[in-house]
Amino acid sequence: MRRLAQTALLALIGAGLLHTALFTDLYLRYVKEGLRPVLIASGIVLLLLAAVNACLDLRGRKPDEHPPAHEHGHDHTHTPKVAWLLALPALSLLLYAPPALGAYTAAHSNGKPVATTPRERFPALPATSPLPLTLTGFTQRVQQDPTRAIKGRQVQLTGFVTPAGAGGGWYLTRIIFTCCAADSQTVKVRVHGSDAPPADTWLAVTGTWHPGGRLGTKTAEAALDVQETHPIAQPVNAYTDDLPLTPS
């Protein structure tokens with residue numbers, strides 16, 4: 001029974017990894033896109049180990065052979081029943097994907113520090129209106145661009161809704177994976193002029209910078225006066241701070 005449990009768990013986990021990485025985009029909820037080949041390779045290795053384990057078990061036991069028991073007559077080779085609970089995470093990969101990180105995680109985490117950008121690296125903004133920007137790009141323009149090119153510009157940002165807590169209001173948020181969900185960080189832009197939609201709603205928000213502090217310096221708040229909001233589907237690259245990719 002012990003070897004059977006090991007073989008079954010290896011097979012379930014391997015199949016779950018392959019299903020998630022090969023046939024769905026669900027793996028992007030937990031790791032960066034670049035780790036997909038690693039997940040596929042891991043799934044294949046686990047299935048091979050399960051097959052080898054099963055072959056060794058069949059070759060090493062005769063058809064009428066029973067597991068050995070101790071001299072006092074009790075068989076202690078059985079896996080404890082509680083060990084089968086280890087199969088639940090593996091089954092979840094096949095039958096039910098755990099929920100993605102969202103507003104609850106963002107509300108209980110500190111904001112991601114926005115890297116300082118040298119002045120000469122701020123190119124002229126295109127004339128497009130509204131101007132699509134990432135949350136990080138918007139924050140950098142507000143707090144670091146000495147030309148204050150963002151002033152009065154209509155921008156479009158995308159992210160999901162995170163309630164601001166006891167003070168009311170809400171944030172447009174993105175969760176960013178450096179490697180996987182375990183090292184995730186958040187970047188937020190405070191939204192003014194609109195009631196808070198339901199938490200975790202994905203939106204494209206159009207507006208202009210909400211004055212707060214001195215534009216082009218660290219005192220400037222990364223905040224937006226809303227002019228228009230549109231619900232959108234969660235993008236494929238939900239856990240990066242890039243312009244959104246539409247699900248295929």
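Everything quoted here is computed from the prediction, not taken from an experiment. As a basis for the values below, the full set of heavy atoms in this structure was taken, side chains included, without hydrogen atoms, waters or symmetry mates.
- When all heavy atoms are compared, the tightest approach of Pro163 to Ala103 is CD-CB, 4.2 Å.
- Of all non-hydrogen atoms in Val161 and Pro198, the two that sit nearest each other are CB-O, 3.6 Å.
- In this structure, Ser129 and Gln154 approach most closely via the heavy-atom pair OG-OE1, 3.3 Å.
- Taken together through direct or relayed side-chain contacts under 4.5 Å among Ile, Leu, Val, Met, Phe, Trp and Tyr, Leu39 and Val45 form part of one hydrophobic cluster.
- Closest of all the heavy-atom pairs between Arg174 and Asn237 is NH2-O, 2.9 Å.
- Between the side chains of Thr134 and Thr136, not a single donor N or O lies within less than 3.5 Å of an accepting N or O.
- Looking only at side-chain heavy atoms (C-beta outward), Trp170 and Pro197 come within less than 4.5 Å of each other.
- Looking only at side-chain heavy atoms (C-beta outward), Asp200 and Gln234 stay at 4.5 Å or farther from each other.
- Using a 4.5 Å heavy-atom cutoff, the side chains of Trp202 and Pro244 are not in contact.
- The two residues Arg141 and Ala149 make their nearest non-hydrogen contact at NH1-CB, 4.2 Å.
- Residues Phe160 and Ile175 meet the side-chain proximity criterion, which asks for heavy atoms closer than 4.5 Å.
- Distance check, rounded to the nearest 0.5 Å: OG1 of Thr158 to CD1 of Ile232 gives 5.0 Å.
- Arg36 contributes a side-chain N or O that, together with a main-chain N or O of Leu22, makes up a donor-acceptor pair within less than 3.5 Å.
- To the nearest 0.5 Å, the span separating CG on Asp241 from OG1 on Thr173 amounts to 10.5 Å.
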- Item | Test side-chain contact (heavy atoms from CB on, under 4.5 Å) applied to Leu157 and Leu133, step by step | CA-CA 6 Å; Leu157 311 178; Leu133 288 174; 3.8 Å; yes
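- Residues Thr208 and Asp225 bring no donor and acceptor atom of their side chains to less than 3.5 Å of each other.
- Residues Val236 and Phe23 do not share a hydrophobic cluster, clusters being chains of Ile/Leu/Val/Met/Phe/Trp/Tyr side chains in contact below 4.5 Å.
- What you find for Leu10 and Ala50 is that their closest heavy atoms are CB-CB, 3.8 Å.
- Transitive grouping of hydrophobic side chains (ILVMFWY, heavy atoms separated by less than 4.5 Å) keeps Leu243 and Val155 in distinct clusters.
- Side-chain atoms of Ile176 and Val187, non-hydrogen and from C-beta on, do get closer than 4.5 Å to each other.
- Using a 4.5 Å heavy-atom threshold, the side chains of His192 and Arg190 count as touching.
- Linking ILVMFWY side-chain heavy atoms closer than 4.5 Å, directly or via other members, places Val226 and Leu135 in a single hydrophobic cluster.
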- Audit row: Gln185, Phe177, side-chain contact (heavy atoms from CB on, under 4.5 Å) steps and yes/no: CA-CA 7 Å; Gln185 295 179 300; Phe177 289 175; over 6 Å; no
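- Between Asp145 atom CG and Leu215 atom CG the span is 8.0 Å, to the nearest 0.5 Å.
- Expressed to the nearest 0.5 Å, how far CD1 of Ile13 lies from CG of Leu49 amounts to 11.0 Å.
- Leu224 has its side chain out of reach of Leu172: every pair of non-hydrogen atoms, C-beta onward, lies at least 4.5 Å apart.
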- Task: Evaluate the side-chain contact (heavy atoms from CB on, under 4.5 Å) criterion for residues Leu18 and Leu47: first the C-alpha distance (whole Å), next the side-chain angles of each, then the deciding distance (0.1 Å), finally the verdict.
- Result: CA-CA 10 Å; Leu18 287 179; Leu47 287 178; 3.4 Å; yes
- Message: What verdict does the side-chain contact (heavy atoms from CB on, under 4.5 Å) test give for Phe138 and Ile150, after you've listed the backbone C-alpha separation in whole Å, the side-chain angles of each residue and the deciding distance to 0.1 Å?
- Response: CA-CA 8 Å; Phe138 176 76; Ile150 204 70; 4.3 Å; yes
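- Considering only heavy atoms from C-beta on, Leu125 comes within 4.5 Å of Arg153 through its side chain.
- Atom-to-atom distance recorded for Thr139:OG1 and Glu221:CD is 10.0 Å, nearest 0.5 angstrom.
- Annotation: the span from Thr162 atom OG1 to Lys188 atom NZ amounts to 6.0 Å, rounded to 0.5 Å.
- Taking a 6.0 Å sphere around NZ of Lys218, one finds it holds more than 12 heavy atoms contributed by other residues, nucleotides or ligands.
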